[in-house]
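Below is one structure, written out as structure tokens, with a few remarks after it.
Each ligand, and each atom within it, is numbered from 1 in the order the structure gives.
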Amino acid sequence: MRDHKMKAVIPAAGLGTRFLPATKAMPKEMLPVVDKPAIQYVVEEAADAGIHDILIIIGRNKNAISNHFDAVPELEVKLLEKGDTGRLERVMKSSDLADIHFVRQGEPKGLGHAVLRARSHVGDNSFAVLLGDDLIDERDPLLTTMIEEHERTGAAVIALMEVDPASIQMYGAAAVEAIEGSDAVRVTGLVEKPAPEDAPSNLAIIGRYILPASVFEILERTEPGKGGEIQLTDALQELAADPDGPGVVGVVFRGRRYDTGDRVDYIKAIVQLASDREDLGPELRPWLKEFAERL
Ligand code: UTP
């Protein structure tokens with residue numbers, strides 16, 4: 001793994017309405033997945049891919065996120081006194097992962113609007129976007145493949161995943177063409193949350209992107225779209241349709257991914273990750289088997 005100059009942006013300013021009332025006073029990105037908040041997995045993923053400058057877009061009630069990535073000296077001293085070095089390491093890790101910056105979105109006007117808030121921090125270079133509630137299992141690396149694809153082609157790179165055709169309406173959907181000699185696909189069109197009969201494919205956009213800085217100019221003039229929100233998908237559609245631009249390439253992900261903003265997926269993430277863990281799995285797995293037999 002090598003270090004990148006590339007910066008990462010993590011939008012975490014959404015309202016999290018699917019998770020109310022849990023998200024009334026707490027951001028959904030702070031919901032614990034086993035014993036870490038979801039957003040820490042996302043920050044760790046960026047750091048593991050060699051990205052050390054991370055900008056988190058925060059909104060109302062999001063102070064918990066900035067507090068989480070701060071050091072807590074009094075807690076560290078207490079754990080040190082108790083000799084609890086395991087926990088001490090885990091507590092310190094969240095403040096040592098990367099150089100983390102924050103900017104407020106103000107009003108949650110959509111993912112495209114959230115990404116636009118990163119413009120002055122990002123400057124003129126390509127950057128990564130990782131959604132703060134979307135977890136990619138660390139055993140199935142995706143971001144590094146996407147960065148390599150971007151470095152090779154100069155294109156915007158999006159992550160795609162095959163979904164059941166009936167559920168494409170919850171995602172952005174991509175029309176794609178094969179690229180000879182490559183596992184990646186050329187994206188020829190994108191549409192946000194299409195009805196299944198209008199979807200160009202069952203390839204859904206998931207929460208990882210490598211974007212050229214030119215996306216900011218497009219976002220600046222992108223009108224509100226589906227749901228009255230400024231959609232990142234609409235700006236990417238413009239990039240995909242521009243014959244003189246760098247184009248959009250898709251990397252099809254076939255690994256484990258959890259949308260922790262969705263209640264069922266959130267529960268699946270906890271069960272899967274906890275049962276795979278060395279410290280929790282041995283106790284949890286037999287119970288899960290027994291539980292499943294009783295269903
Ligand atoms: P979602 O659509 O999953 O977030 O956005 P949401 O709007 O909070 O979810 P529900 O439907 O109300 O439950 C995907 C990502 O984009 C961020 C969210 O925080 C999430 O990480 N986002 C969305 C923003 O940062 N700002 C926005 O205006 C919208």
Side-chain angles (χ1 to χ4, degrees), residues 8-33 36-46 54-66 68-69 100-119 121-122 127-136 143 158-161 163 167-173 190-194 204-209 211 215-216 219-220 222-236 257-267 269:
V9 175
I10 304 182
L15 290 177
T17 44
R18 284 168 293 168
F19 245 109
L20 283 168
T23 46
K24 205 174 153 199
M26 186 181 61
K28 66 174 166 180
E29 292 80 3
M30 284 302 292
L31 290 171
V33 176
K36 277 191 290 193
I39 195 167
Q40 187 174 334
Y41 289 86
V42 178
V43 169
E44 286 174 4
E45 180 191 337
I54 296 174
L55 177 71
I56 303 182
I57 317 290
I58 50 175
R60 193 181 62 94
N61 287 333
K62 301 283 174 154
N63 290 341
I65 297 181
S66 45
H68 179 74
F69 292 103
I100 300 182
H101 309 263
F102 299 93
V103 66
R104 286 187 176 269
Q105 189 183 4
E107 244 186 281
K109 293 185 187 166
L111 178 58
H113 181 258
V115 170
L116 186 54
R117 299 289 298 126
R119 187 174 197 170
H121 185 84
V122 165
F127 62 105
V129 174
L130 295 86
L131 299 194
D133 58 350
D134 209 341
L135 303 196
I136 301 292
L143 199 58
I158 61 175
L160 299 171
M161 196 166 182
V163 298
S167 42
I168 194 73
Q169 57 197 338
M170 299 186 317
Y171 298 89
L190 290 163
V191 39
E192 183 63 22
K193 300 192 173 70
I205 309 174
I206 57 170
R208 299 294 179 270
Y209 310 78
L211 302 176
V215 78
F216 291 128
L219 282 170
E220 199 77 76
T222 301
E223 296 287 334
K226 252 272 145 64
E229 297 192 337
I230 297 174
Q231 297 289 355
L232 182 60
T233 305
D234 293 346
L236 291 173
R257 174 239 174 203
Y258 314 97
D259 172 8
T260 64
D262 172 81
R263 288 168 302 171
V264 172
D265 242 26
Y266 172 74
I267 294 163

Pairs of nitrogen or oxygen atoms closer than 3.5 Å, one from [X] and one from ligand 1: do any exist?
X	answer
Phe19	no
Glu107	no
Ile57	no

Tell me the protein heavy atom at minimum distance from [atom], and give that distance in Å.
atom	result
atom 15 (C) of ligand 1	Leu131 CD1, 4.0 Å
atom 3 (O) of ligand 1	Arg18 NH2, 3.0 Å
atom 5 (O) of ligand 1	Lys28 NZ, 4.5 Å
atom 8 (O) of ligand 1	Gly16 N, 2.7 Å
atom 7 (O) of ligand 1	Leu15 N, 4.0 Å
atom 21 (O) of ligand 1	Pro11 O, 3.0 Å
atom 24 (C) of ligand 1	Gly14 N, 3.4 Å
atom 10 (P) of ligand 1	Thr17 OG1, 3.3 Å

Discussion item. Ring-plane angle category for Phe127 and Phe216, please: parallel below 30°, perpendicular beyond 60°, tilted otherwise.
Written reply: parallel
Close side-chain approach of [X] and [Y], heavy atoms under 4.5 Å:
X	Y	value
Glu29	Ile65	yes
Leu116	Glu220	yes
Glu229	Glu192	no
Val9	Ile57	yes

Practice prompt. Evaluate the criterion side-chain contact (heavy atoms from CB on, under 4.5 Å) for residue pair Ile58 and Arg117; output intermediate values, then yes/no.
Written response: CA-CA 10 Å; Ile58 50 175; Arg117 299 289 298 126; over 6 Å; no
Item to complete: Tell me, please: is Gly110 in heavy-atom contact with ligand 1, that is, under 4.0 Å?
Response: yes
Distance filter under 4.0 Å to [X] heavy atoms, resulting ligand 1 atoms:
X	result
Gln105	24 (C), 25 (O), 26 (N), 27 (C), 28 (O)
Lys109	28 (O)
Ala114	24 (C), 25 (O), 26 (N)
Gly132	21 (O)
Glu29	18 (C), 19 (O), 20 (C), 21 (O)
Pro108	28 (O)

Practice prompt. Under 4.0 Å, heavy atoms only, figure out whether ligand 1 is touched by the backbone of Ala13, its side chain, both or neither.
Written response: both
Worksheet item: How many angstroms lie between CD1 in Ile136 and CD1 in Ile206, if you round to the nearest 0.5 Å?
Response: 4.0 Å
Worksheet, complete the sentence: So NZ of Lys226 and OG1 of Thr233: to nearest 0.5 Å the spacing works out to 10.5 Å
Worksheet item: Taking 4.0 angstrom as the limit, do Asp265 and Arg18 come out as a salt bridge?
Response: no
Practice prompt. Check step by step if side-chain contact (heavy atoms from CB on, under 4.5 Å) holds for Leu232 and Leu211.
Written response: CA-CA 11 Å; Leu232 182 60; Leu211 302 176; 4.2 Å; yes
Discussion item. Does Arg263, at its CZ atom, have more than 12 non-hydrogen atoms belonging to other residues, nucleotides or ligands within less than 6.0 Å?
Written reply: no
Worksheet item: Can you name the nearest heavy-atom pair linking Ala13 to Gly59, along with the distance?
Response: CB-N, 3.7 Å
